[in-house]
Amino acid sequence: MIKIIMHGCNGHMGQVISEIVKNDENSTIVAGIDLNAEKKNDYPVFRSLSECDVKADVIIDFASPKATDSLLDYCIENKVPVVLCTTGLSEQQIERIEKDSSKVAVLKSANMSLGINTLLKLLQDAAKVFVPAGYDVEIIEKHHNQKVDAPSGTALALADSINEVLDNEYEYKYDRTQEQKKREKKEIGMSVVRGGTIVGEHEVLFAGTDEVIEIKHTAYSKAVFGKGAVEAAKFLAGKEPGLYNMSHVIG
């Protein structure tokens, strides 16, 4: 039984993960961390990690970038692996995560969905076939109207995965309205849609002559990200220091 501390337990994703773990025979949440410690949970909740006296095998983080530095300090001091799901980290924080992973196991991914991370591998296989044959690559991503960043981190991860097998020779085109000209051969276009309550939809097009291949992933609820985070926690518990991602989990 894997013992988990839920960092950001009373946020939306923290509560989603709490429900998932309730029905998981191989994991349990032994404590939660949240500034809002008044909400009822099936486990004790502390306002900060410094107040937490409960031992765990791994931490799942769905909190705020403001809490990431103190989280890393705690994980290093207590040798507790951490699954970092918080987005919007600064470049300095990302650099620190890479450095601190030499002291404690850290798993970080742009998207925790098992489906998206399987898709990353499938896209690389597809790109090896279609791009040398002259197919263009376009990515369309859709999210709810409250999402701030554009394109999404997942869209960028999809593009990076494709570009990796293309020797990183392709440039990303985010806004075609800025230049009125034909499409360049070595580019990956990204289109962004923001509206309603769309949880997340990512579509990759390989467009060739008289043929288009569409590979699409749709998230209908945030539970898909929570499920991936729990599987990542099971994978990471007991691991040696290092920087891991979801490809290690599904691989």
Side-chain angles (χ1 to χ4, degrees), residues 1-90 93-94 96-97 100-101 103-114 144 146-148 153 197 199-200 219 221-239 241 244 246 249:
M1 179 72 72
I2 300 299
K3 297 179 181 178
I4 299 170
I5 290 177
M6 185 66 236
H7 192 244
C9 64
N10 285 335
H12 179 73
M13 283 306 304
Q15 290 296 293
V16 168
I17 290 172
S18 297
E19 288 299 316
I20 291 172
V21 172
K22 280 183 183 179
N23 300 310
D24 191 305
E25 298 178 351
N26 299 311
S27 63
T28 182
I29 296 179
V30 293
I33 310 296
D34 205 289
L35 288 175
N36 173 22
E38 299 177 359
K39 193 168 185 177
K40 297 291 184 180
N41 288 278
D42 295 335
Y43 46 79
V45 178
F46 304 88
R47 290 179 58 84
S48 68
L49 281 166
S50 61
E51 299 176 8
C52 181
D53 58 358
V54 180
K55 301 297 182 182
D57 301 306
V58 63
I59 296 175
I60 296 179
D61 167 55
F62 258 111
S64 163
K66 295 179 180 179
T68 300
D69 291 322
S70 59
L71 169 63
L72 291 171
D73 289 338
Y74 176 91
C75 291
I76 291 172
E77 181 179 349
N78 293 276
K79 305 299 181 186
V80 183
V82 58
V83 178
L84 283 174
C85 306
T86 295
T87 58
L89 300 173
S90 67
Q93 287 177 314
I94 293 174
R96 181 185 172 179
I97 290 167
D100 287 351
S101 66
K103 304 173 185 176
V104 67
V106 179
L107 190 147
K108 181 180 177 298
S109 179
N111 188 304
M112 301 306 298
S113 160
L114 295 173
H144 53 84
Q146 300 300 303
K147 188 171 180 62
V148 177
T197 59
V199 175
S221 80
K222 292 187 176 181
V224 298
F225 310 124
K227 176 64 176 175
V230 173
E231 293 303 312
K234 294 178 189 176
F235 164 84
L236 199 64
K239 286 290 187 295
Y244 301 86
M246 288 298 289
V249 179

Any heavy-atom pair between the side chains of [Y] and [X] that's under 4.5 Å?
{"X": "V80", "Y": "V104", "answer": "no"}
{"X": "C85", "Y": "M112", "answer": "yes"}
{"X": "F62", "Y": "V16", "answer": "no"}
{"X": "I5", "Y": "Y74", "answer": "yes"}
{"X": "M1", "Y": "D57", "answer": "no"}
{"X": "I4", "Y": "V83", "answer": "no"}
{"X": "I2", "Y": "N26", "answer": "no"}

Side-chain H-bond candidate by donor/acceptor type, S18 with Y43, under 3.5 Å: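 The answer is yes; a qualifying pair exists.
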CA sep, side-chain torsions, deciding dist, call: D34, M6, side-chain contact (heavy atoms from CB on, under 4.5 Å): CA-CA 9 Å; D34 205 289; M6 185 66 236; over 6 Å; no
Under the salt bridge (Lys or Arg N to Asp or Glu O under 4.0 Å) test, residues paired with [X] that sit two or more places apart:
{"X": "E19", "answer": "K22"}
{"X": "R96", "answer": "D69, D73, D100"}
{"X": "D24", "answer": "K234"}

From L49 atom CG to C75 atom SG, the distance as rounded to the nearest 0.5 Å: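 Answer for the CG-SG pair, L49 versus C75, is 7.0 Å.
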Euclidean distance, I29 CD1 relative to C9 SG, rounded to 0.5 Å: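 Separation between the atoms: 8.0 Å.
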Closest heavy-atom pair and its distance - [X], [Y]:
{"X": "C52", "Y": "I33", "answer": "CB-CD1, 3.9 Å"}
{"X": "I17", "Y": "A229", "answer": "CD1-CB, 4.0 Å"}
{"X": "I20", "Y": "A223", "answer": "CD1-O, 3.7 Å"}
{"X": "V249", "Y": "A232", "answer": "CG2-CA, 4.0 Å"}

Does [X] use its side chain to pair, donor to acceptor, with the backbone of [Y] at less than 3.5 Å?
{"X": "N10", "Y": "N36", "answer": "yes"}
{"X": "E231", "Y": "L114", "answer": "no"}
{"X": "S90", "Y": "Q93", "answer": "yes"}
{"X": "T86", "Y": "A63", "answer": "yes"}

Neighbour count above 12 (heavy atom, 6.0 Å) for K3 NZ: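 Open.
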side-chain contact (heavy atoms from CB on, under 4.5 Å) evaluation trace for M246 with L107: CA-CA 8 Å; M246 288 298 289; L107 190 147; 4.1 Å; yes
Sequence-distant partners of S50, side chain to side chain contact (heavy atoms under 4.5 Å, CB included), two or more places apart: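 Checked S50 against side chain to side chain contact (heavy atoms under 4.5 Å, CB included); matches are S48.
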Residues in side chain to side chain contact (heavy atoms under 4.5 Å, CB included) contact with L35, at least two apart in sequence or another chain: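 Partners of L35 by the side chain to side chain contact (heavy atoms under 4.5 Å, CB included) criterion, ordered by chain and then number, come out as R47.
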ring-ring contact (aromatic ring centres under 6.0 Å, His included) against Y244, all qualifying residues, sequence neighbours excluded: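 For Y244 the ring-ring contact (aromatic ring centres under 6.0 Å, His included) partners, ignoring immediate neighbours, are F235, H248.
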